[in-house]
*Asks:* 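One structure, as structure tokens, below. Some questions next.
Lettering follows sequence order; numbering is per chain, from 1.
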Amino acid sequence: MLDINLIRTQPDLVRQALINRGDKPESLDAVLQLDAQRREILKQSEQLRSLRNSVSKEIGRMADAAGREAKKTEMRQVGDQISALETELAQVESNLEAYTSVLPNIPDPRTPVGLDEDHNVILRTIEGTAPKPANPKPHWDLGTDLGLIDFERGVKLSGSRFYVLNGAGARLQRALIAYMLDLHTRQGYHEVYLPFMVKRQTLFAAGQLPKFADNLFHDAEVDAWMVPTAEVPITNLHGDEILDLEDLPKWYCAYTPCFRREKAAAGKDVRGIKRGYQFDKVEMYMFSLPEKSDDYLEQMREHAEETCRALGFTYRVKQLCTGDMGICARMTYDIEVWAPGCNEWLEVSSVSNVGDYQARRANIKFRRERGAKTEFVHTLNGSGLGLPRTLIAVMENYQQPDGSIIVPEVLRNFVGTDVIRKGE
RNA sequence: GGAAAGGUGGCAGAGCGGUUUAAUGCGGCGGUCUUGAAAACCGUUGUGGGUCUAUGGCUCACCGUGAGUUCGAAUCUCACCCUUUCCGCCA
């Protein structure tokens, strides 16, 4: 959510942001108009309320019955006017909210301007230590040959885009989750285990609703929503709270499965386990002082890169352009790892500074000193790597000519073996 | 799923239609006293919106949430949510 005061005082800044993101700037005009209307109605109704409040007190003190009745009649009319204005106000506010709740964040000035992914900037590519397989097989062949991935049974259970991980495949995924959580804990994050279903308000606060309802799984009866990312519940851990200055920054990490309907991506990446309705992810998250969030973004990106390096991946860091960033973000880095089998760069992490955009929606504040005005915190989120893609990268990068997979060193304690061979 | 009790400021807790501007206590902050501290005493202490002559003034809203009754609602009515205890069921 943007500050309505900012929209009011610097509409051109907001307009340019919309244009740079490839959105229509007309909604801004609607917001400005509705905001003016809202304040006008508010002024009128508050004056009437003030009048009614004072006269009602008078009535309570009046001895004269006839005079009292006269005042009551008068106030009854004022009451009718107030409710008419309130009805109007509710309508205006709900229209206003419909517009403001989907206005995207204003990109950081350093975010490159561009309307689509072709304008993302590749900042650097880092060569990994993993062995370079000669004729790499894609994970869908490798995984089935070794019996690690069972596509048929996944489909039997749940339909297309679902799979079952078997034996060492399941263990490798669990090892990655455990390793990443341990690493992030060493990096300073506080691990939490979260609900995988959340309320509507929780999704609103994280910026997923109302705009992206189509991409979420939802039980209508109890209004429970499956989380599309751990970012959603973590954002709301401190919803409606005023945090103590000395508690900032707060760093969290969490493993959750993520559920996405992927309506927009239907027909895309259908082969293998790259994209599904359900996937696992370890997430990093920070609540920070506004003036520190730029620095923390770099730190969090570095933390995600550390995971890639520890796993020996060849990876590259991209900065997303205005048109490719999510609506909450001011600045985003994507990290992509090289998967030699399917011969493509896989996005395994997206690290964003969302400024006060989510804090405003979730109402998360802090105070610099006793008696000072409350301010919104900044929040940042980043994948501590998305799982199926990291799993793909391990399998494809560490495959050997005989069809076995070497377990990356940092995972061996968790997996319990150095090499994954067929039939084990 | 059933029964009962209950949701009021940072916390505890009163108020159950109009001197409530939400009592009182604790805690916090400032002060008096003191060599210093404690104690005692005095003062102060919520969030959000609107507006203006703007470090402040005026005003509106907020007592779980939403509707309703009334000139006036923390207080009355209805619905819902949540908490606690007990029973049932269950991993």
*Asks:* Given Asp145(A), which of Arg421(A), Lys137(A), Lys422(A) fulfils the salt bridge (charged side-chain N to carboxylate O under 4.0 Å, His left out) condition?
*Replies:* Lys137(A)
*Asks:* For nucleotides 51-70 of chain B, just jot down a letter per nucleotide in 5' to 3' order: B, S or -, based on protein non-hydrogen atoms under 4.0 Å.
*Replies:* S-------SBS---------
*Asks:* So what does Leu42(A) touch, heavy atoms closer than 4.0 Å: a base, only the sugar-phosphate, or nothing?
*Replies:* sugar-phosphate
*Asks:* If we take the P atom in both G27(B) and A38(B), what is their distance in whole Å?
*Replies:*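 That atom pair is separated by 12 Å.
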*Asks:* Determine whether Val282(A) and Leu385(A) satisfy the following criterion, side chain to side chain contact (heavy atoms under 4.5 Å, CB included), listing intermediate values before the conclusion.
*Replies:* CA-CA 6 Å; Val282(A) 173; Leu385(A) 301 199; over 6 Å; no
*Asks:* For the residue pair Tyr277(A) and Phe162(A), categorise the inter-ring angle as parallel (less than 30°), tilted (30 to 60°) or perpendicular (more than 60°).
*Replies:* tilted
*Asks:* Classify the side-chain pair His378(A)/Tyr296(A) by whether it contains a donor and acceptor separated by less than 3.5 Å.
*Replies:*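 Side chains of His378(A) and Tyr296(A): no pair found under 3.5 Å.
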*Asks:* Using only heavy-atom distances, determine whether the side chains of Gln44(A) and Glu40(A) contain a donor-acceptor pair under 3.5 Å.
*Replies:*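 Checked: Gln44(A)/Glu40(A) side chains pair up, N/O donor to acceptor below 3.5 Å.
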*Asks:* Write down the partner of G88(B) under the Watson-Crick or G-U wobble criteria, each distance required to be under 3.5 Å.
*Replies:*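 Base partner found: none.
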*Asks:* Any side-chain N or O of Lys199(A) less than 4.0 Å from the OP1 or OP2 oxygen of C81(B)?
*Replies:*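 No, outside the criterion.
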*Asks:* Is the shortest heavy-atom distance from the side chain of Gln319(A) to the side chain of Pro112(A) under 4.5 Å?
*Replies:* yes
*Asks:* Over all strands shown, is Thr374(A) touching base, sugar-phosphate only, or nothing at heavy-atom distances under 4.0 angstrom?
*Replies:* sugar-phosphate
*Asks:* Look at the side chain of Ser56(A) and decide which nucleotide, out of G18(B), G49(B), U47(B), has an atom nearest to it.
*Replies:*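 Of all the options, the side chain of Ser56(A) is nearest to G18(B).
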*Asks:* Give a yes/no answer on whether the side chain of Arg360(A) brings an N or O atom under 4.0 Å of OP1 or OP2 in G48(B).
*Replies:* no
